[in-house]
Amino acid sequence: MEQASSHQVAQFRALEIEKVLGQDFTSADMTGGMGIDTLLLSDYGRRSVTYIERNRELCLLAERNFSRVCGDDCRITVVNADSVEHLSNAEHFDFIYADPARRSTTGRKLVSISDCEPDLLPHIDSLLCKCTLMGVKLSPMLDISVALKELRHVQKLYVIGLGGECKELFALLSRDGNTNAENVPIHCISLPLEGVQPFSFTISDEQNATVRFSMPQRYLYEPSAVIMKSGAFKSVCARYGLSKLHPSSHLYTSETLVEGFPGRTFEITDIRKVHKPQFKDIDKANLTVRNFPTSVAEIRKNIGVKDGGDIYLFATTLMEYSKRVVVCRKIES
């Protein structure tokens, strides 16, 4: 249950596959589990999908749920088997999906691809011979550059967030995928998409981007969780013509308002030191710490400001290394 995909994320993935393969693609879900991804890949039973799961009880539950959700004309086939072994003898699919288990037998969270079950790395080449396109769901904690190098054949990588939280990495692979990790397109997606600009870049873009630095101007920009995870710190700065407050603070500023920034935008009203007398006029505020040596709890205690309200405080380090609190009001998109 913990690892099962949310409906919105699974639907987004299915629609992205549809863009590449067309509406009536065939697929295999080699880590069937609760069956949420299978349902969305099958368009609720209207497309042909093979659900593969080695846990017999999950297979029985999934089969029952599929029939109830999709009806008598359901095109989902349930297979109780080891997925790697089954696919080695199976027909060709347009798409193979994998979401390896990220819990050990003792319940420990796993992050690296080789630690998860099944370990896909020894089987990537043989699996790609069985499909046109392969999708792999990865831990949001996994280092992106490591994922790209280990999977080798990545066409594109998605960093997917939902409700302000980074939920997963999703890699699309093919036999003619990009073997140079630095040139793989990385797409930062925050769901729902309404009013939120996706942001795309490559590691090479990030390495070559030029960054300007500045003291806080009129507006402050805080990147979304998926931008933070992707590491597009210089790329997003250059793309939107912003200045950074400090190399390690990952907060941005401009004198004129920049529309469409992938994250939150604020208008700066003041800049203060972390001294209690300077915050007598603020009873409640939302506090964020970025590149600052003191925790949120300690700062709240020091300045006597409770959580909540419509004022936003950013405790951060500025370009000349001073430690300050930037006082802001949020600009609604």
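Throughout, residue positions are numbered sequentially from 1 according to the sequence presented.
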Salt bridge flag under 4.0 Å for residues [X] and [Y]:
| X | Y | answer |
| --- | --- | --- |
| Arg47 | Asp24 | no |
| Glu168 | Arg102 | no |
| Glu16 | Lys156 | no |

Does the side chain of [X] reach to within under 4.5 Å of the side chain of [Y], using non-hydrogen atoms?
| X | Y | result |
| --- | --- | --- |
| Asn302 | Lys276 | no |
| Gln155 | Leu133 | yes |
| Val325 | Phe279 | yes |
| Thr317 | Ser248 | no |
| Lys323 | Val274 | no |

Could you go through Cys188 and Phe201, starting from their C-alpha distance and side-chain angles, then the distance that decides it, and tell me whether this counts as side-chain contact (heavy atoms from CB on, under 4.5 Å)?
CA-CA 9 Å; Cys188 302; Phe201 74 107; 4.1 Å; yes

Quick check with a 6.0 Å cut-off and a 45 degree axis cone: is Arg13 positioned over the face of Phe170's six-membered ring?
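Here Arg13 passes the 6.0 Å and 45° test against Phe170.
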
Quick check on Glu320: does its CD atom have over 12 non-hydrogen neighbours (other residues, nucleotides or ligands) under 6.0 Å away?
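Check passes, neighbour count above 12.
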
May I ask you to check whether over 12 heavy atoms, not counting those of Arg54, lie within 6.0 Å of atom CZ?
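No, CZ of Arg54 has 12 or fewer neighbouring heavy atoms, counting only those of other groups under 6.0 Å.
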
Check whether the ring centres of Tyr221 and Tyr240 lie less than 6.0 Å apart, and answer yes or no.
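Ring centres of Tyr240 and Tyr221 not closer than 6.0 Å.
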
